[in-house]
Amino acid sequence: KGTSPKVMLFVNLSIDGGEEYESTYKNLAQSYRNKGLKFLLGDVNFSKNKLKAFGLSADRLPSIVIQEDGKKFASEQVNVKNLEIWLNDYLNGDLEEYFKSEPIPEKNDDPVKVVVTKSLQEMVLDSGKNVLLELYSPWSGHCKKLAPILEEIAVSFQSEPDVVIAKLDVTANDITSDLFKLKGLPTLYFYSASGKVVSYDGDTTKEDIIEFIIKNREQIGKVDTIEPVIETVATKDEL
């Protein structure tokens, strides 16, 4: 059995209207105390790091978040009159799960492509390409050491459009696919053109990673180009 879902309201209590949110929210906590929910109130002046951890902006307050067994539900710039409506939508199962994501970059021209939660489906899962995906953190020393190596690898495959070297910052993006699990920093996965997933556990040298890519890559459309040749050979044999 999981822990009780946490309901968290982030608001600036020092500005006009803050007290109304606080009193309304405390009344809701009393009214819903038998629903198995735990209510927490966060004054943004003292909880900016927590807000940032959820991928929410201090410029879009008030924000409400529900955390439930690894799932999150969130709404920004919520109106005080809509707090109870939103809470009931959650209890009725009518809310969509919330995932933290950086914005999709307007430019993605570097050799190592930037993947965010919002672009994971398009750039990796539905790409039809062979993708080496690094799950990384910008503050990790191991990730910083690997960065120039991945850059060199990406440059070496630039003339081969079926191979993509990509990275996803796990501190700013939720991993929404069960195919990828963060095992440490960095974690490397190879997602083939047909959707096969292989985790990389070898040495983080340029040579070893390139060998791993070549071993696991799949030629796009390879079967289609072979079939007509086989048909032609069969026709000649019949003659």
Side-chain angles (χ1 to χ4, degrees), residues 55 70 96-138 140 142-235:
E96 288 188 9
E97 191 174 349
Y98 165 80
F99 296 106
K100 178 171 67 172
S101 177
E102 291 179 293
I104 296 174
E106 292 182 11
K107 288 187 177 181
N108 209 350
D109 301 330
D110 291 335
V112 178
K113 304 305 175 188
V114 174
V115 175
V116 299
T117 301
K118 291 177 180 177
S119 65
L120 180 66
Q121 192 75 33
E122 180 184 353
M123 290 190 65
V124 181
L125 303 179
D126 294 341
S127 68
K129 296 183 178 183
N130 298 289
V131 183
L132 182 77
L133 179 65
E134 179 199 19
L135 307 179
Y136 81 102
S137 162
S140 162
H142 292 296
C143 295
K144 289 178 182 177
K145 186 177 178 181
L146 183 60
I149 296 170
L150 288 182
E151 190 88 5
E152 288 181 30
I153 294 169
V155 169
S156 69
F157 281 104
Q158 272 188 322
S159 61
E160 303 180 54
D162 66 306
V163 176
V164 176
I165 313 300
K167 61 182 181 179
L168 182 144
D169 179 358
V170 296
T171 68
N173 298 275
D174 287 334
I175 303 169
T176 54
S177 172
D178 292 335
L179 297 173
F180 309 118
K181 303 288 185 186
L182 187 65
K183 301 175 181 178
L185 289 170
T187 296
L188 290 172
Y189 279 99
F190 189 81
Y191 189 85
S192 76
S194 69
K196 293 177 184 175
V197 181
V198 185
S199 63
Y200 181 71
D201 299 314
D203 292 332
T204 52
T205 64
K206 178 183 175 181
E207 294 73 23
D208 285 337
I209 296 174
I210 287 177
E211 183 181 339
F212 171 74
I213 293 170
I214 293 171
K215 177 184 175 183
N216 290 284
R217 76 186 288 191
E218 296 170 350
Q219 297 298 325
I220 298 174
K222 185 177 180 182
V223 175
D224 294 334
T225 58
I226 290 174
E227 283 178 347
V229 177
I230 295 172
E231 288 171 9
T232 306
V233 171
T235 307

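Please read these numbers as outputs of a predicted model, since none were measured by experiment.
Annotation: the span from D126 atom CG to S119 atom OG amounts to 11.5 Å, rounded to 0.5 Å. Summarising the geometry, atom CG belonging to L185 is positioned 9.0 Å from atom NE2 belonging to H142; distances are rounded to the nearest 0.5 Å. Between E151 atom CD and I153 atom CD1 the span is 10.5 Å, to the nearest 0.5 Å. Expressed to the nearest 0.5 Å, how far OH of Y200 lies from CG of L132 amounts to 9.5 Å. The distance from atom CG of D162 to atom NZ of K129, rounded to the nearest 0.5 Å, is 8.5 Å. Distance check, rounded to the nearest 0.5 Å: OG of S156 to NZ of K206 gives 5.5 Å.
Residues F99 and K118 have side chains not in contact (no heavy-atom distance under 4.5 Å, counting atoms from C-beta outward). Contact of the N130 side chain with the E218 side chain is registered, since non-hydrogen atoms from C-beta on lie closer than 4.5 Å. Between V115 and K167, every side-chain heavy-atom pair lies at or beyond the 4.5 Å cut-off. When side chains are defined from C-beta on, M123 counts as touching N108, because their heavy atoms get closer than 4.5 Å. K181 is not listed as a side-chain neighbour of S199, based on a closest heavy-atom distance of 4.5 Å or more. Side-chain contact between I165 and I209 is absent, with no heavy-atom pair separated by less than 4.5 Å.
Heavy-atom minimum distance, T204 versus L146: CB-CD1, 3.8 Å. The two residues T187 and G184 have their closest heavy-atom pair at OG1-O, 2.7 Å. Closest heavy-atom contact between K144 and P138: CE-O, 3.1 Å. Across F190 and N216, no two heavy atoms sit closer than the pair CE2-O, 3.3 Å.
Residue E97 qualifies as enclosed at atom CD: its count of foreign heavy atoms under 6.0 Å is above 12. Surrounding NZ of K145 are at most 12 heavy atoms belonging to other residues, nucleotides or ligands under 6.0 Å away. Counted within 6.0 Å of CD on Q158, heavy atoms from surrounding residues, nucleotides or ligands total more than 12; the atom is thus considered enclosed. A 6.0 Å sphere centred on NZ of K100 holds more than 12 heavy atoms belonging to other residues, nucleotides or ligands. In this structure, E211 places its CD atom where only 12 or fewer heavy-atom neighbours from other residues, nucleotides or ligands lie under 6.0 Å away.
Remark: the D169 side chain and the T171 side chain contain an N/O donor-acceptor pair separated by less than 3.5 Å.
When the options L125, V124, V197 are evaluated for a side-chain contact (heavy atoms from CB on, under 4.5 Å) with S177, the one that passes is L125.
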